[in-house]
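Below: one structure, written as structure tokens.
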Amino acid sequence: MNGDRMVAALERYILNAPDERITARRDWPDSMTVRTNWGSYGFQHSDWLIAQESWVDEAVWVVMRTPVEDVMLETYGMLECCDGTVLCVNDLATMRDLGRRLVDDLNPMAYAELLGEFYSGPRIDGPVVSAPTVSELARSGWFIDDVASAVAAHPQLGAIALEPPRLSRAGGRVELGFDSCHYYLDHFGVGAAIDVLRWKVTVDESREVSWRREYVAQRVTRK
């Protein structure tokens, strides 16, 4: 990854300016850590489907940590494009721009994967959406690309009528439907729970992008 470009994107999209400022940075061959007066940001390569797109050079997962006790980690997604630009998928305007590409050249499952991970939390009003996570090893959300695999990994989902991804095209209109999950700690951090959401993404003939999501189930716990 290009560290300078990632830092510029961090400053543009994520830092709580003007109060948050960078104090240190350390680069490794496949990762990077940036420290600020608020906490630190860890950058590492991600294998999201969108990384396979011809215009994407690298996809990067960013984890924000703070020294404040009981504050959950926050995660962000960066796309380093072949033209040198860096996009932040937590940025609402950026995600709507990416949605317009569903008409032409973007894999719909790649788009669903990003929405599922970064937009399954309770608040997605932006302009930059925070995706809290319980650990640096667990993603905060995911889209359900295969129902059987999802239930095998989380048996508590077996009682829910999950649906596989759905895609339809008619003229210049695209409709994408899928289910996603949001994983979090419930009851003041004691015990884990999962919310299940059902999405409908529409790109109309004028390339306007709209999302609709509804809860299929909330606070699903392992018995």
Side-chain angles (χ1 to χ4, degrees), residues 13-14 41-51 59-65 71-79 87-92 94-96 98-99 102 106-166 176-187 189 191-201 209-222:
Y13 291 109
I14 300 173
Y41 296 83
F43 294 70
Q44 59 182 296
H45 172 79
S46 177
D47 59 357
W48 296 312
L49 290 172
I50 201 166
V60 178
W61 193 51
V62 184
V63 180
M64 190 273 193
R65 318 167 186 85
V71 174
M72 295 183 72
L73 305 172
E74 295 180 358
T75 61
Y76 301 87
M78 299 288 194
L79 303 178
L87 305 177
C88 178
V89 302
N90 302 68
D91 179 66
L92 278 169
T94 296
M95 278 301 286
R96 295 197 186 280
L98 287 176
L102 290 169
L106 179 60
N107 178 356
M109 298 305 102
Y111 193 66
E113 184 177 41
L114 295 178
L115 280 175
E117 177 165 344
F118 294 102
Y119 289 77
S120 291
R123 296 192 59 181
I124 59 170
D125 50 353
V128 177
V129 174
S130 171
T133 187
V134 299
S135 80
E136 296 180 48
L137 302 177
R139 303 293 171 100
S140 58
W142 63 93
F143 100 106
I144 298 175
D145 58 341
D146 181 84
V147 172
S149 297
V151 173
H154 303 278
Q156 64 268 44
L157 299 179
I160 301 169
L162 300 174
E163 296 183 1
R166 299 139 332 255
L176 169 65
F178 63 94
D179 291 354
S180 72
C181 292
H182 175 224
Y183 176 84
Y184 58 98
L185 297 180
D186 199 10
H187 302 301
I194 296 176
D195 292 344
V196 180
L197 301 96
R198 184 151 295 154
W199 288 79
K200 182 178 180 180
V201 179
V209 180
S210 62
W211 310 326
R212 187 174 74 233
R213 63 175 203 169
E214 60 183 16
Y215 284 95
V216 176
Q218 290 183 273
R219 295 182 178 173
V220 181
T221 58
R222 186 184 292 271

**Prompt:** So, the side chain of Asn90 versus the backbone of Val129: is there a donor-acceptor pair under 3.5 Å, distance only?
**Reply:** yes
**Complete:** Ser130 and Pro132 have their tightest heavy-atom pair at O-CD, 3.3 Å
**Message:** Has Asp195 got a side-chain atom pairing as donor or acceptor with Gly121's backbone, closer than 3.5 angstrom?
**Reply:** no
**Request:** Write down the atom of Ile160, the atom of Ala217, and the distance for their closest heavy-atom approach.
**Result:** CD1-CB, 3.7 Å
**Request:** May I ask you to test the Ile14-Met64 pair for a side-chain heavy-atom distance under 4.5 Å?
**Result:** no
**Message:** I'd like to check Asp145 versus Phe178 (side-chain heavy atoms, cut-off strictly below 4.5 Å). Are they in contact?
**Reply:** no
**Prompt:** Is Tyr119 close to His182 at the side-chain level, that is, under 4.5 Å between some pair of heavy atoms?
**Reply:** no
**Request:** Check step by step if side-chain contact (heavy atoms from CB on, under 4.5 Å) holds for Arg166 and Asp179.
**Result:** CA-CA 10 Å; Arg166 299 139 332 255; Asp179 291 354; 4.0 Å; yes
**Request:** Measure across Arg139 and Thr133 and return the closest heavy-atom pair with its distance rounded to 0.1 Å.
**Result:** C-OG1, 3.7 Å
**Item:** Parallel, tilted or perpendicular: rings of Phe118 and Trp48 (30°, 60°)
**Value:** perpendicular
**Item:** Contacts of type ring pair (Phe, Tyr, Trp, His ring centres under 6.0 Å), residue Tyr111, not counting sequence neighbours
**Value:** none
**Fill in**
One should read off an interatomic distance between Ser135 OG and Leu185 CG, to the nearest 0.5 angstrom, of 9.0 Å
**Message:** Please give me the minimum heavy-atom distance between Gly99 and Val209, naming the atom from each residue.
**Reply:** C-CG2, 3.8 Å
**Nearest-0.5 Å distance that lies between atom CG in Leu79 and atom CG in Leu98** = 6.5 Å
**Flag, side chain of Thr75 to backbone of Ala131, donor-acceptor distance under 3.5 Å** = yes
**Prompt:** Yes or no on side-chain contact (heavy atoms from CB on, under 4.5 Å) for Leu157 and Val147, after CA distance, side-chain angles and deciding distance?
**Reply:** CA-CA 9 Å; Leu157 299 179; Val147 172; over 6 Å; no
**Request:** Look at the side chain of Glu136 and the backbone N and O of Val63, then say whether any donor-acceptor pair between them is shorter than 3.5 Å.
**Result:** no
**Item:** Pair Trp199 + Phe143: ring centers closer than 6.0 Å
**Value:** no
**Message:** Run Met95 and Leu115 through side-chain contact (heavy atoms from CB on, under 4.5 Å) and show every step you take.
**Reply:** CA-CA 8 Å; Met95 278 301 286; Leu115 280 175; 3.6 Å; yes
**Message:** Please report the interatomic distance CG(Leu102) to CG(Leu176), rounded to the nearest 0.5 Å.
**Reply:** 6.5 Å
**Prompt:** So, the side chain of Ser180 versus the backbone of Arg198: is there a donor-acceptor pair under 3.5 Å, distance only?
**Reply:** no
**Prompt:** To the nearest 0.5 Å, how far apart are CE in Met109 and CG in Leu49?
**Reply:** 9.0 Å
**Message:** Rounded at 0.5 Å granularity, tell me how far CG in Leu87 sits from OG1 in Thr94.
**Reply:** 5.5 Å
**Prompt:** Do Val62 and Met78 have side chains that get closer than 4.5 Å, going by heavy atoms?
**Reply:** yes
**Asked** Out of curiosity, His154 NE2 to Cys181 SG, how far, rounded to the nearest 0.5 Å?
**Response** 7.0 Å
